[in-house]
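Working notes for the structure below.
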Amino acid sequence: MGEAAVDFRSEWSRKLTVSGARVSEIKFHPDQFCPKHWHKHPSLGIVIQGVVVKEFAKATVVIESSGGFAMPAGILHSDHFGPGSRVVIIEIDPEHPISAQRLEVCGPIFERWHKFDDQRLSRLGQRLVRELRRPDDATSMAVDGLVGEILSVATRCNGFTSESDQQDLPDWLIEARDYARSELNRRISVPEIAERVGVHPAYLARRFRSEFGVTPAAYARNARLNWASERLIETDLSIAEIAIQAGFSDQSHFTRAFKRFVDLTPAQYRDSFQNNSGMRG
């Protein structure tokens, strides 16, 4: 991947910086897709509404409404946001003295990605939203206190999941997921995947969406877009060549699909890596 993070445009956002932490409430476009990218700082998120699917190198993580997640800086991943998804994100600047003190205690939650399922985090996230939406002279102080409380709850929480949770999935579903993301140069159908793994297409579609948050077709399409996004950054191939190699009928079809999910055209996405290595994810 290129040495840059990408700033994907959302439907709207509210932001406030306090004591070394940037706090944002973000609403994403329906079914918005962000190809592989990384974030400059460690971050903790709480899903206020909708579903967020994070795709790491060896795991797919679905965070539903009221769930949370923590991620270290620099970890490559892609995101898919379900309809109406709103997320509160806390980005921690480790060079700020207050953040540095906090990381001495809560640092372990940012050593790798973690998923949280704790109603206390959900309630604290809702309180952050209220503060961001109705700011007054005391908002900064209130938000700073909530950030500290959220970090302490996440640190004490022992309910996070890891890659080992994928072992609970049936073998056929893991095979279906792996097949959907391996056929990068053509479109594949749900019946084709179902025949390969030996289950009924309707059951596959229902179970796949339940476990991974998206349909098999959307998952496969996103894998192709992920692959194409890497080619845009890592090669000098023309956009038209990448479009054909990624299984799209032509450059126009590819451009429409890419912009619908990323809110950037392929050319803009390539330029964002080449021209602005300091952008945030």
Side-chain angles (χ1 to χ4, degrees), residues 1-10 13-26 28 34-48 52 54-59 61 63 67-79 87-118 120-122 124-125 127-129 131-132 135 139-163 233 272-273 275-281:
M1 293 292 293
E3 295 298 322
V6 177
D7 185 9
F8 296 103
R9 286 172 285 181
S10 56
S13 64
R14 301 180 178 89
K15 302 178 181 179
L16 179 67
T17 299
V18 295
S19 301
R22 186 168 86 159
V23 182
S24 308
E25 180 194 6
I26 306 172
F28 294 92
C34 299
K36 287 181 180 177
H37 61 285
W38 53 266
H39 298 267
K40 182 179 179 181
H41 293 143
S43 57
L44 187 149
I46 301 171
V47 180
I48 303 300
V52 177
K54 290 187 172 293
E55 180 84 13
F56 298 98
K58 296 182 179 180
V61 186
I63 306 104
F69 58 89
M71 295 198 309
I75 184 172
L76 281 173
H77 65 286
S78 61
D79 294 316
V87 183
V88 169
I89 301 288
I90 302 171
E91 300 170 275
I92 308 296
D93 181 359
E95 297 184 2
H96 191 280
I98 293 180
S99 291
Q101 291 178 357
R102 287 171 168 168
L103 287 172
E104 289 181 4
V105 177
C106 67
I109 66 174
F110 297 115
E111 290 177 354
R112 57 175 305 281
W113 66 262
H114 291 315
K115 176 181 174 181
F116 302 97
D117 184 13
D118 191 302
R120 292 174 296 174
L121 288 177
S122 176
L124 291 168
R127 288 173 60 187
L128 272 180
V129 167
E131 291 291 343
L132 292 174
T139 294
S140 293
M141 183 168 55
V143 169
D144 189 44
L146 287 168
V147 168
E149 190 172 355
I150 287 170
L151 290 174
S152 67
V153 169
T155 301
R156 291 169 172 166
C157 178
N158 61 2
F160 59 80
T161 61
S162 66
E163 295 175 20
I233 297 164
S272 70
F273 277 88
N275 300 334
N276 197 344
S277 62
M279 291 179 67
R280 297 167 60 92

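Sequence positions, counted from 1, serve as the residue numbers for this chain.
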ask   = With sequence neighbours left out, what residues match Glu25 under salt bridge (charged side-chain N to carboxylate O under 4.0 Å, His left out)?
value =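 If we apply the salt bridge (charged side-chain N to carboxylate O under 4.0 Å, His left out) test to Glu25, skipping adjacent residues, the hits are Arg14, Arg86, Arg133.
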task = Could you tell me which residues satisfy salt bridge (charged side-chain N to carboxylate O under 4.0 Å, His left out) with Asp93, sequence neighbours excluded, listed by chain and number?
result =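 Not a single residue meets the salt bridge (charged side-chain N to carboxylate O under 4.0 Å, His left out) criterion with Asp93.
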Between [atom1] of [X] and [atom2] of [Y], what distance do you get to the nearest 0.5 Å?
X	Y	atom1	atom2	value
Ile48	Leu128	CD1	CG	8.0 Å
Thr139	Leu132	OG1	CG	8.0 Å
Met71	His39	CE	NE2	4.0 Å
Ile75	His37	CD1	NE2	11.0 Å

Can you sort out the partners of [X] under side-chain hydrogen bond (donor to acceptor under 3.5 Å, both in side chains), two or more places apart, ordered by chain and number?
X	value
Ser43	none
Arg127	none
Ser13	none
Ser24	none

Could you check if a side-chain atom of [X] sits within less than 4.5 angstrom of a side-chain atom of [Y], using non-hydrogen atoms only?
X	Y	value
Pro108	Thr155	no
Ile109	Phe69	no
Leu151	Ile90	no
Leu44	Phe110	yes
Glu55	Lys36	no

Not counting sequence neighbours, which residues clear side-chain contact (heavy atoms from CB on, under 4.5 Å) with [X]? List them please.
X	value
Ser152	Glu149
Pro94	His41, Pro42, Leu103
Asp144	Val18, Ser19, Arg102

key: Nearest heavy atoms of Val147 and Ala21, plus distance in Å   =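 Looking at all heavy atoms of both residues, the closest pair is CG1-CB, 4.2 Å.
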key: Evaluation steps, side-chain contact (heavy atoms from CB on, under 4.5 Å), between Ile150 and Val88   = CA-CA 11 Å; Ile150 287 170; Val88 169; 6.0 Å; no
